[in-house]
Chemist: 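What follows is a single structure, and I will ask about it in a moment.
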Amino acid sequence: MNPMEKPVEQTSFRTHFLVLSLVLVALTVWALVDEFILRRPWKGYQRTFKKIEHQKVSADYQKFLRDVYDVKRLDQLKGQQRAEEGRLEQSKEYREALTALKKADVTLSDWVNRRRAVKSEYDEAAYEFTHARMKKSSRMEFYRKEMAEQKKVLDEVTAKAAEAQSIRDTTKKTVDQHRMAWITLKAEIDKWELPKLDFEERLVKIKSRPIQIQQVMVPALGRIDRCLSCHVGIEKKGFGAERDLVHRSHPGNEFPLDHPKNLLAHHPVDKFGCAVCHHGDGESTKVKKAHGYESNGERVEHFSEPMIKKEFIQAACAKCHEQTTKPGMEIVQKGKDAFKKFGCLACHKVTNGWGEKIAGWEGGPVSVDLAEIADKAHDEIDFSFVEAPHTWAEYVRQRLLDPQKVNPSRPEQGIPYDSPMPNHHLSKDEAVAITTLLQAFTREVKKIPESYKVKNGKSADPAASGDLQAGRHVFVKYGCGACHGLNGEGGQINYNYEGGPTKEKAMMPHLQGLADKYTDDELVERIELGTQPEGKFDANDVTPPLFMPRWKGVIKPEEFNVLVKYLKSIKGAKKTSDDW
Amino acid sequence: MGFAKVLRDGSVGKGENDNKDDRDDRDDKEDREDGEDQEEKTVIKIPKSEEILKYIKESDVYKSMFRHGYIDTPVNRVLAITGNIWLHLHPAKINREAVRYRFTWGMGGISFLIFLVTIVTGVVLMFYYRPVVEYAYKDIKYLEFDVAFGPLMRNMHRWAAHAMVIAVWLHMYRVFLTGSYKAPRQFNWGIGVVALALTMFLSYTGYLLPYDQLAYWAVTVGANMARATPGLGHLGPFGPEMGMKPDNDMAFALLGGTQIGSATILRFYVLHCMFVPIVLALLLIVHFWRVRKDGGISGPKVVPVGGATNPPPVAAPGK
Amino acid sequence: MKHFFYILGKPDNIPIAGMLVLVAFYTWYAFRQAFKNDRLMEAGLIKEGEPDRVHVFPYLVRIEMLAAMVTLAILLFWSLGVDAPLEEIANPSKTPNPSKAPWYFLGLQELLVYFDPWIAGFLLPNIIIVGLIAIPYIDINPKGSGYYSFKDRKFAILTFLLGFLVLWVGMIFIGTFMRGPGWYFYMPWEEWDVHKVVAITNVNLHELFGIRSVWGQGIFGAVVVGGYFGSAVLHFGWLKMKKSEWLERMGPIRYGTFMFLFLSLGGVVIKMILRHTLNIKYVWVTPWFNV
């Protein structure tokens, strides 16, 4: 509407069109590069690995040619072979035997074919007979006769065929006797020739191997793993020391197949895939989205199952192996031992995920069920006081090492107390071991088919000699030491102690000198009843409130007998601030 | 005249008014008669490019497809619009001011273009997507990691969907600010408003299909609103009085169940891929048709006072 | 600031950021033209009349082509540069906090703070759609058709800006960028805190007046809400007395529709103000519904 303006007819858009066209062309090129290169990193890995493997095999081949392949001896053997062939050609008996064999072969195949035809006719008659009998047809008798006749013929032919077979076998034996020397020579030659052929074939195969996504589908585990697209060398042997991690073979491949440390021999990739042990997203073909970690070790956002780090990897074993005493499962076994030693089961139970108890893992009602603790969602974890990286495993490890540091009191947020979980001052190894064990407590265990699981029967309670030792065993089994001290000396803090959160006042009771205070029956009653939730200082305060659970019906009467004896044996000079 | 003959003779348009061609033709013939033994050579004479062009332009195939010449004349300019099914949505001539980008911001056309983009990419995605709880998420992953150009198609579909919502809003904003909804365009504004609502519903139904956490909870928030519909939702006012329960109310109708599940995915899939796009396309047809019938794109019925009001038309742009 | 950038960096929020920029730009762009046109009209440099026309081909078609190329280039660039997000597989037992609707519905979700779901999720969207459709029939101002202007239609434009810019786009902005866990309000520089607790001190309007009985509440609320909308009748009578020319042109039906829509829009704003100043939860409490 501006009268001063240049009219549209006189405006040129030449430059606009040119620039935009160039931009669109550039974007198209980018799209192509993105599709064929950037989004398919595995292509590069496979290409490089082909080169590496080819080099390696050719080096082996060269070495074989140099060290093993003896050309002179081979020529000599071949000469002998030719001489032997000439001799055989001259030999009249051999030629006769050969003719006889050829004839026997013909006769045999004739009879075999004949038998097949007769058998087919017999089958037809038998079928017609059955059919007629079912329909109660009048032709039943006819077919019965027919069948009997065919049967007779069939028997005859079968006998003839067997005879022909035996004739053929004897003639073959005769021929072989003549050729014995030649066969021995051939075997000798093959000892060199076959490996050579094998090498050459392998080289050709490596060269012609297509570059493509490698995928393992394991419907039984509900997994599709494409890890092998990048980790090309996993199933191969002898790539343990490649510079690039992605080209290396799986640890243990270098051991013999039946060696317990050859993991893949016992867990073939076809049957297990990768992610069932290692976690991560097997379907992904991009580095971060497959592994689940950013370059700084943090979890990739929205990643549900980041890979298990090497130090905790034995968690995978415990998902299927009920007994973890075999070599290679030392850490998770250590975790189990520590879990029981520190009395985790006094407060926590570990069910099978359906709320059913598992023998040996029945625990107290004080705190949460650990059955699916490994599935705790990332968003549900408070990482405010966890040192980086903020992963599930790090959270658990650090929390085990110092529960009060990771879950401290924050009165301004309505959390008046530190975490009530006792601090056992675990060693670093123990924390890693228990974390490994906890990582095996996952929902997935329910989904893994029974055929994958290795059950070794129940672990019997170790035989205890003497009541005191048996009592000590009961003490550990039910985790009394978690609160009362590993030897009954007390020392753990109860932040829920009625009267306020002063740390000094709120110590868990020690168990020293019980013999002076209680009779056996009183002690049993005390343990059976427990101390129902200590009145919380503030109804909204931290959970779980620590309390002595009711052990009635949990600890068996015969266990009480020895437990009481053990408890009464605990003596100590040290008096902690509070007693029972 | 066959193309082979053209190649052989090296000329076209025999008997037509191009004399030069005729002469060439005659020369060729003479050449051929001159030397019988040279015939092989003259056979592979290559025609000039303008000759091929001319041949093509005069073929029945070409003439059946293109109704007007390229030469820039007023008639051809009009024919370019009226003779083209796609362009004839436009009038042949238009208000000088309405051509300016600053007037329309191009948002109506851009919305339509993005709609087309979502259709094309959406069809590609449909090849790989199965609307079932078990497969929905896996198929998206398949698209993301395996399918050639799968990520590009999915990204483009998603971003285009967002962009379309924005473009439609801006289109409405522009139409309001220029007062273009005023008579006689009232009804078309109404159609536009419904199309806008449908665009958002289209986007909303597509939101669930990847079946990830984002999809699930975004749709849940929406479905919770349906539960609160007065009289028709079991949590809404008078809902219980109308006999609404979780299993027969509005949200149930939307989700195909009391919870989001396979039935919901299928329902949203059909709405997203079939029903809503078709309804929206029909509305757009009416919308575009009404734009023309209501007097073309709106423009000021005002002109500059005095001065150089109508600059003389220039032959071609940019010259 | 951490969480603000976190939200901003989410791929799905790129369009929102883009939309804010575009809306701001086009608002400026439109008003620049509007003021210019107003000036030209005032100066008498333009007048009503049949404008000059140009050929669509090539003058419009080339612009359309350019727009299409730009759009496709942006879409391609966006699609190549940013991957569409894919979160964990849907898990009905794990509610994200906050769980947000698709971004274009965040305005409505934001209204859930002030209204019950049946109003925010049902009544208001319907009023918005109906109200938008009704605009051309209510706005009978013949001026300002087909060009940018502000002077000729100040009221229409300001009302629309209140609805579109403040209530719709603004609420989407707040819903996207300023709502954290528990749908609590966070300024961009504040950190999210999953444990944040805000004391609920909201009261209902009738409680301020000391009315306690169920019937009392219902009647009180009905009077307040009814009175609010009923004020239109007074206004109508007043205009009638003044023999208003505008009312003459509007007619009673058009006037009624207009007032209902306008008061609904105002009601939303008033309720929001009441919440923030007097902590009013409901104005009208009945056993069946609350307003």
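Remember, predicted model here, so these are calculated numbers, not experimental data. Only this structure's heavy atoms are used, side chains among them; waters, hydrogens and symmetry mates stay out. Every chain is numbered from 1, with letters handed out A, B, ... down the list of sequences.
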Chemist: Go through it in stages, so that I can follow the logic: the residues are C/L132 and B/M172, the test is side-chain contact (heavy atoms from CB on, under 4.5 Å), and I'd like the CA-CA distance, side-chain angles, deciding distance and then a yes or no.
Modeler: CA-CA 10 Å; C/L132 281 174; B/M172 180 191 73; 4.1 Å; yes
Chemist: Check whether B/V194 gets within reach of chain C through its side chain, its backbone, both or neither, counting any heavy atom under 4.5 Å.
Modeler: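 It is the side chain, since no backbone atom gets that close.
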Chemist: Measure from the ring center of B/Y173 to the ring center of C/F164 and say whether it is less than 6.0 Å.
Modeler: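 Ring centres of C/F164 and B/Y173 closer than 6.0 Å.
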Chemist: Sort out for me which of C/D83, C/L165, C/I129, C/I63 touches chain B most, counting heavy-atom pairs under 4.5 Å.
Modeler: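 Of the candidates given, the most pairs with chain B belong to C/D83.
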Chemist: With respect to chain B, which residue among C/I157, C/I119, C/I140, C/N91 yields the maximal number of heavy-atom pairs within a distance under 4.5 Å?
Modeler: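 Maximum pair count with chain B is reached by C/N91.
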Chemist: B/L232 versus chain C, heavy atoms under 4.5 Å apart: side chain, backbone, both or neither?
Modeler: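 Answer is neither: B/L232 stays 4.5 Å or more from chain C.
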Chemist: Quick check on C/Q33 against chain B: is it the side chain, the backbone, both or neither that has a heavy atom closer than 4.5 Å?
Modeler: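 Contact with chain B is through the side chain of C/Q33 alone.
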Chemist: What are the two closest non-hydrogen atoms of C/L112 and B/M225, and how far apart are they?
Modeler: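 Looking at all heavy atoms of both residues, the closest pair is CD1-CE, 3.7 Å.
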Chemist: Chain B heavy atoms under 4.5 Å from C/I172: which part of the residue, side chain, backbone, both or neither?
Modeler: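 Contact with chain B: side chain only.
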Chemist: Got a salt bridge between B/R158 and C/D12, using NZ or NE/NH1/NH2 to carboxylate O under 4.0 Å?
Modeler: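 Judged by the 4.0 Å cut-off on N to carboxylate O distance, B/R158 and C/D12 do form a salt bridge.
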Chemist: Are C/Y104 and B/S203 linked by a side-chain donor-acceptor pair shorter than 3.5 Å?
Modeler: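 Side-chain D/A pair, C/Y104 to B/S203: present.
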Chemist: Considering all heavy atoms of both residues, which atom of B/H90 and which atom of C/L60 are nearest to each other, and what is their separation?
Modeler: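 Here B/H90 and C/L60 meet closest at CD2-CD2, 3.7 Å.
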Chemist: Quick check on C/A134 against chain B: is it the side chain, the backbone, both or neither that has a heavy atom closer than 4.5 Å?
Modeler: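 Neither part; nothing is under 4.5 Å.
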Chemist: Give a yes or no on whether the backbone of B/L177 and the side-chain of C/R153 come within a donor-acceptor separation of less than 3.5 Å.
Modeler: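 A pair under 3.5 Å: yes.
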Chemist: Considering only heavy atoms and a distance below 4.5 Å, find which of B/F176, B/Y211, B/F238 pairs most often with chain C.
Modeler: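 Looking at each option in turn, the highest pair count goes to B/F176.
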Chemist: Quick one: does any side-chain atom of B/N155 pair with a main-chain N or O of C/A84 as donor and acceptor, under 3.5 Å?
Modeler: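 Yes; at least one donor-acceptor contact below 3.5 Å.
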Chemist: So which of B/N76, B/I94, B/V99, B/V193 has the biggest tally of heavy-atom pairs under 4.5 Å with chain C?
Modeler: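 Heavy-atom pairs under 4.5 Å are most numerous for B/I94.
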Chemist: Any donor-acceptor pair under 3.5 Å linking the side chain of C/K94 with the backbone of B/Q213?
Modeler: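 Side chain of C/K94 to backbone of B/Q213: no pair is present.
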Chemist: Which word best sums up how the rings of B/W105 and C/Y148 line up, parallel for under 30°, tilted for 30 to 60°, or perpendicular for over 60°?
Modeler: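 Judged by the thresholds at 30° and 60°, the geometry between B/W105 and C/Y148 is parallel.
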Chemist: In terms of heavy-atom proximity below 4.5 Å to chain C, should B/A215 be classed as side chain, backbone, both, or neither?
Modeler: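 Interface part for B/A215: neither.
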Chemist: Heavy-atom cut-off 4.5 Å, strictly under: side chain, backbone, both or neither for C/V82 against chain B?
Modeler: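 The answer is both parts of C/V82.
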Chemist: Is it the backbone or the side chain of C/Y26 that comes under 4.5 Å from a heavy atom of chain B, or both, or neither?
Modeler: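 Both parts, backbone and side chain.
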Chemist: In terms of heavy-atom pairs under 4.5 Å, which option from C/P136, C/S149, C/P142 contacts chain B the most?
Modeler: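 Max contact count across the listed options: C/P136.
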Chemist: Only pairs of heavy atoms separated by less than 4.5 Å count here; which of B/F187, B/Y216, B/Y101 has the most with chain C?
Modeler: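 The residue among B/F187, B/Y216, B/Y101 with the greatest pair count is B/Y216.
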Chemist: Take C/W118 and B/T229 through the side-chain contact (heavy atoms from CB on, under 4.5 Å) test and state the conclusion after the steps.
Modeler: CA-CA 5 Å; C/W118 71 273; B/T229 313; over 6 Å; no
Chemist: We want to know whether B/R77 and C/Y59 form a side-chain donor-acceptor pair, criterion being a heavy-atom distance below 3.5 angstrom.
Modeler: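 Distance-only check passes for B/R77 and C/Y59.
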Chemist: Going through the checks in order, is the side-chain contact (heavy atoms from CB on, under 4.5 Å) test met by C/I135 and B/W189?
Modeler: CA-CA 9 Å; C/I135 284 178; B/W189 164 270; 4.0 Å; yes
Chemist: After noting the C-alpha distance and the side-chain angles of B/I166 and C/V23, does the key distance pass the side-chain contact (heavy atoms from CB on, under 4.5 Å) rule?
Modeler: CA-CA 9 Å; B/I166 297 171; C/V23 166; over 6 Å; no
Chemist: Could you have a look at C/G144, C/P85, C/A120 and say which one has the most heavy-atom pairs with chain B under 4.5 angstrom?
Modeler: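 Winner by heavy-atom pair count: C/P85.
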Chemist: Would the number of heavy atoms belonging to other residues, nucleotides or ligands and lying under 6.0 Å from CE of C/M69 be above 12?
Modeler: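 Check passes, neighbour count above 12.
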Chemist: For chain B, which of C/T71, C/L123, C/L76, C/T286 has the most heavy-atom pairs under 4.5 Å?
Modeler: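 Most heavy-atom pairs under 4.5 Å with chain B: C/T71.
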Chemist: Using every non-hydrogen atom in the two residues, find where B/S180 and C/G146 come nearest and quote the distance to one decimal.
Modeler: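 Here B/S180 and C/G146 meet closest at OG-CA, 4.3 Å.
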Chemist: For C/F122, is it the side chain, the backbone, both, or neither that has a heavy atom closer than 4.5 Å to a heavy atom of chain B?
Modeler: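 The side chain, not the backbone.
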Chemist: Using non-hydrogen atoms only, which part of C/P125 is less than 4.5 Å away from chain B: side chain, backbone, both, or neither?
Modeler: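 Contact with chain B involves no heavy atom of C/P125 at all.
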Chemist: Between C/E88 and chain B, with a heavy-atom cut-off of 4.5 Å, which part of the residue counts as in contact: side chain, backbone, both or neither?
Modeler: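 Both the backbone and the side chain of C/E88 come within 4.5 Å of chain B.
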Chemist: Heavy-atom pairs under 4.5 Å with chain C are the metric here; pick the option from B/Y181, B/W159, B/Y207 that has the most.
Modeler: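 If we count pairs closer than 4.5 Å to chain C, B/W159 comes out on top.
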Chemist: Could you have a look at C/A30, C/A101, C/P117, C/S99 and say which one has the most heavy-atom pairs with chain B under 4.5 angstrom?
Modeler: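 Top count of heavy-atom pairs under 4.5 Å with chain B: C/A101.
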Chemist: At a 4.5 Å cut-off on heavy atoms, which part of C/N290 comes close to chain B: side chain, backbone, both, or neither?
Modeler: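 For C/N290, no heavy atom lies under 4.5 Å from chain B.
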